[in-house]
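Read through the structure below, which is laid out as structure tokens, and then see the notes.
The chains referred to below are lettered A, B, ... by the order of the sequence lines, with proteins before strands, and numbering in each begins at 1.
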Amino acid sequence: MYDVAIIGGGVIGCAIARELSRFHIRTVLLERNAEVGFGTTKTNSGIIHAGHHDSADTLKGRLVVSGSLMFDQLAQELNFGFRRIGELVVARGDEEVGTLEKLKALGDEKGVPGLEIWDAKRLRREEPNLSHKLVAALHAPSAGVINPYEFAFALIESAVTNGLELLVDSPVLDIDAGKDRLTLHLPEGKTIEAGFVLNCAGVFSDKVAGMVGLEDFSIRPRKGEEYMLDKRLEGLVRRLVFPVPTKTSKGILVIPTFDGTIMVGPTAEDTDDRYDLATTYEGSEKVFGFIRDICPSITIKDTITEFAGLRAVSSTNDFVIGPTRVRGFINVAGIQSPGLTAAPAIAIHTREILQAEGLVMQPKDDFDPVVAGPPRFATLQTDEQKALVESDPLFGKIACRCELVTEAEIHHAIDHGARTLDGIKFRSRAGMGRCQGGFCTSRCMDILSERLEVPLEEVTKRGGDSWMVTPMQNEQHPPSTGEED
Amino acid sequence: MLGRVESSYDVVVVGGGPAGMAAALGARDSGCERVLILDREPEAGGILLQCIHSGFGLHYFKEELTGPEYAERFFERTLDHDIDILPDSYVSGVAIDSDGTKSVRVLNSERGLSTVQTRSVVLAMGCRERTRGSVRIPGTRPAGIMTAGLAQKLVNMRGLLPGRRVAILGSGDIGLIMARRLVLEGCDVAGVFELMPYSNGLTRNVVQCLDDFGIPLHLSTTVAYIDGRDRVERITVAPVDDTLAPIMGRSRDVECDTLLFSIGLIPENELSQSLGIELDVVTGGPLVSSTLETSMPGMFACGNVLHVHDLVDFVTQESLRAGRFAGEWAQGLRRPKDNIQLLPGDNVRYCVPHTLSPERDHTIYLRCKQAMAPCYIRVGNILEKKLRFVVPAEMIMLNLSPSLLEKFHGDSLRIDITEAGGKETS
């Protein structure tokens, strides 16, 4: 019997898990995928908003500001990449300047620091590669970028270090609501009992609520396609660039990611398919057509990879956070943008709800807030690199030449939870570069196979049925690796 | 000697594939005593080691060898010629002193991070394959999408199949060879789909790998969509219009669990770029003089890092020359600077080298933009040759002798390929 069971290991579930791991309670997190952060989190734009986009009348509008302020300390403790690079909302014509002023007033009122309206001249000086047709911009210096998956990995590692139990490949199939506990049914007849259940199931959160008979909200996923551009364009734009927002979306953005690569997107298309992660011709036309007016030197030719993610948009168009009429069942649902920014604030808010609902929590004296974070050989000075190779010869073996990732870093990723090729890629960057894994995939597969003690046939891209290789039908061939029989 | 490294060399070669090994031999041939090959792989030989099919060496050895056999011959020669080879070594930079001495920064798990001094350097890092991202195919991103070269490595070096029912986009040579290889291993190959109206691979590979095995080649066709949640489940293929855009009204689905890409190769010049070496935007390789010297004095380039070749025999020939020039440079021989610019003209996509000098023999490599048959190839007004046909997939090699060039007094020579009058069928 657990005190709390968290359903869903996206960034929200992970942030709550870490917050709860500060206390003497027994918590389990159930993730349907092979690793945490593999759903919406992995495909997030990675923006830490300043907070002036959302009205203070909404829950998301309130939580975004407090969430944003927590990132400096979190990055220090958890060592994920985070940088406040600032953002610009740009006006494409005089008629949009009024909206900039409204946004500024909204932000000033909410306490967003340093908001400033730049005229065309100032904008040109600060961002010379943006379209010269832009007439003005609202500058918010506190907006930042992170790698959202690194954030999720660091949060879960911190939580596990402090006592969280993590179960991956564990989709919740059904829930029985009892008098003093909820029973969660997992595959193969396994069950989990908990006093409180936190529904952090993202695009599936209405389905999970439905398991206990709650139908007060529904989720309609809103798909966003993103396009990652070649490193050639690094430095073209230094700040996040937003158009003036519309009702359904913050628009199509230029995102200088934490690693320096520029990303453009996302689109915003409602979909009924909760697995619809396809990019489309229409999507790329929309993105690059739109971006042409913002930053003319960005063209589709520089795309190195593309992906799509689903925002968990609720029928209330706001976060759905709070207790329900089912005792112990608490929703933390409908977390769409700015959910990543709000995540740390959502975690605290959820913990307070649990306390208000009667869960007694004693803080741990020995809570360890620090996660060292992965080594990044490529970013180090020569002396530091030398020292690392001396300490571990695997730092002298390059696995991924495009991103200069060493074998030691691949092992580190596995030591810290990677179970799939995507898990290695998103932790170490191996396979993220120009050749997109052409050279390093087979080496990463070998290391995974050795470390997990499974044959290469069982190594997957991201769990489930995403196998990479299959044995030869023909018996005359040598075994697939030296180690196996 | 394998695994031996001294602190200084005459010539250091970056890359231990066919280009690197030949360059090292060329450097020894020029009289240099101390030559080192730095290879990032555990074993020298480069991509040849995964090319277990035959067809290598027909020009150079006048016999048909497999890739590993071809590599082994060169490997033996490098050892016989007392060339040092350090495998598992990644070159992360080259610093150049004011006197022209170069310090090559090497990362090796046993030796750590160290530097090797040398007079000249030959860049022979080879090339990499273009990926899905470079052609932009919408759809999902499941497992089962990989380059033909990775599939080749898995099948030939690991004895594992990339899937059971395979479609191949692009008719590059590796794709054609893998189509046959996978059929031989009992896979179902749904077809090879090529965007262009012609194959991008050698004619002999189309015949021997596809035609002989009844594998369909669909020209002017592309993959317009990839579908599948965890693993590829199907692709949508469509014929393309004159702008190479898919005609979706005529698309069809092909069930498969694997999609291989064989859509071209890109010289791997990250190191060259980090050194500030000037590149040719068309080849993706360094701009080189007639001695295959890059824009950085004493730094040479050859093989697929310079421009993508279709036959390893040509890589060998070019690299032997690059190695000799690098060796001469290391010994202090400075040739007069080139004074003739070589320019790609009508129906010429590129030519290498980029400049010539009138006082010696030259080998010029070039590719046409589109197929022509029959045609004339003209180098300025000094050379005219009639060719039965030219196709973009097959590199053209021209030899220019000093006797031809001594009549020439201009400062640039243009190469043109033009149709040889009359209506003929190809």
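Listed options B:Thr131, B:Leu161, B:Asn108 were ranked by heavy-atom pairs under 4.5 angstrom with chain A; first place goes to B:Leu161. Interface remark: of the candidates A:Ala408, A:Cys435, A:Ala308, A:Cys435 forms the most heavy-atom pairs closer than 4.5 Å to chain B. Ranked by non-hydrogen atom pairs under 4.5 Å with chain B, the options A:Asp422, A:Leu421, A:Thr280, A:Leu388 are led by A:Thr280. Most heavy-atom pairs under 4.5 Å with chain A, from the set B:Gln273, B:Lys153, B:Glu129: that is B:Lys153. Interface remark: of the candidates A:Thr279, A:Asp230, A:Val389, A:Thr279 forms the most heavy-atom pairs closer than 4.5 Å to chain B. Each of B:Arg164, B:Met146, B:Glu270, B:Glu110 has some count of heavy-atom pairs under 4.5 Å with chain A, and the biggest count is that of B:Arg164. In terms of heavy-atom pairs under 4.5 angstrom with chain A, the leader among B:Arg132, B:Arg130, B:Glu268 is B:Glu268. Put simply, of B:Gly163, B:Gly139, B:Cys187, B:Gly112, the one with the most heavy-atom pairs under 4.5 Å next to chain A is B:Gly139. Considering only heavy-atom pairs separated by less than 4.5 Å from chain B, the leading option among A:Arg401, A:Lys386, A:Arg462, A:Lys461 is A:Arg401.
Heavy-atom neighbours of B:Arg4 CZ from other residues, nucleotides or ligands within 6.0 Å: above the threshold of 12. The number of heavy atoms from other shown groups lying within 6.0 Å of CD (B:Glu43) does not exceed 12. Other residues, nucleotides and ligands place no more than 12 heavy atoms under 6.0 Å from the CD atom of B:Glu278.
Expressed to the nearest 0.5 Å, how far CD1 of B:Ile137 lies from OG of A:Ser284 amounts to 12.0 Å. Once rounded to the nearest 0.5 Å, the distance linking CD1 of B:Ile47 with CZ of A:Phe439 reads 5.5 Å. For the atom pair A:Cys402 SG and B:Arg128 CZ, the distance stands at 5.5 Å (nearest 0.5 Å). Summarising the geometry, atom CZ belonging to B:Arg136 is positioned 4.0 Å from atom CD belonging to A:Glu306; distances are rounded to the nearest 0.5 Å.
Proximity to chain A is absent for every atom of B:Arg111, based on heavy atoms less than 4.5 angstrom apart. The contact between B:Val155 and chain A is made by backbone and side chain atoms together, counting heavy-atom distances below 4.5 Å. Contact of A:Ile398 with chain B is made through the side chain alone, with heavy-atom distances under 4.5 Å. The parts of A:Phe307 that come within reach of chain B are both its backbone and its side chain, each placing non-hydrogen atoms under 4.5 angstrom from that chain. Contacts between A:Thr460 and chain B at a heavy-atom distance below 4.5 Å are absent for every atom of the residue. For a residue to count as touching a neighbouring chain, one of its non-hydrogen atoms must lie under 4.5 Å from one of that chain's; by this rule A:Leu404 touches chain B with the side chain only. Residue contact with chain A, scored on non-hydrogen atoms closer than 4.5 Å, involves the backbone and the side chain of B:Ala224 alike. When heavy atoms are compared at a cutoff of 4.5 Å, B:Glu233 does not approach chain A at all.
Side chain to side chain, A:Thr305 and B:Arg141 fail the donor-acceptor criterion of an N or O pair below 3.5 Å.
Identified by a heavy-atom distance below 4.5 Å to chain B, contributing residues of residues 39-46 of chain A are lacking entirely. Of all residues in residues 253-262 of chain B, those placing a non-hydrogen atom less than 4.5 angstrom from a non-hydrogen atom of chain A are B:Asp257.
Under the side-chain contact (heavy atoms from CB on, under 4.5 Å) test applied with B:Leu160, the options A:Met472, A:Met468, A:Glu457 reduce to a single match, A:Glu457.
In this structure, the side chains of A:Gln385 and B:Leu107 stay at 4.5 Å or more apart for every pair of heavy atoms. Considering only heavy atoms from C-beta on, A:Ser466 stays 4.5 Å or farther from B:Arg229 through its side chain.
The two residues A:Trp467 and B:Pro162 have their closest heavy-atom pair at CZ3-O, 3.9 Å.
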Open item on the list: Would A:Gln436 and B:Thr147 count as a side chain to side chain contact (heavy atoms under 4.5 Å, CB included) here? Give the steps.
Closed with: CA-CA 9 Å; A:Gln436 289 286 299; B:Thr147 60; over 6 Å; no
- Checking side chain to side chain contact (heavy atoms under 4.5 Å, CB included) for the pair A:Leu456/B:Arg158: CA distance, chi angles, key distance, verdict? CA-CA 10 Å; A:Leu456 284 165; B:Arg158 299 312 178 74; 4.1 Å; yes
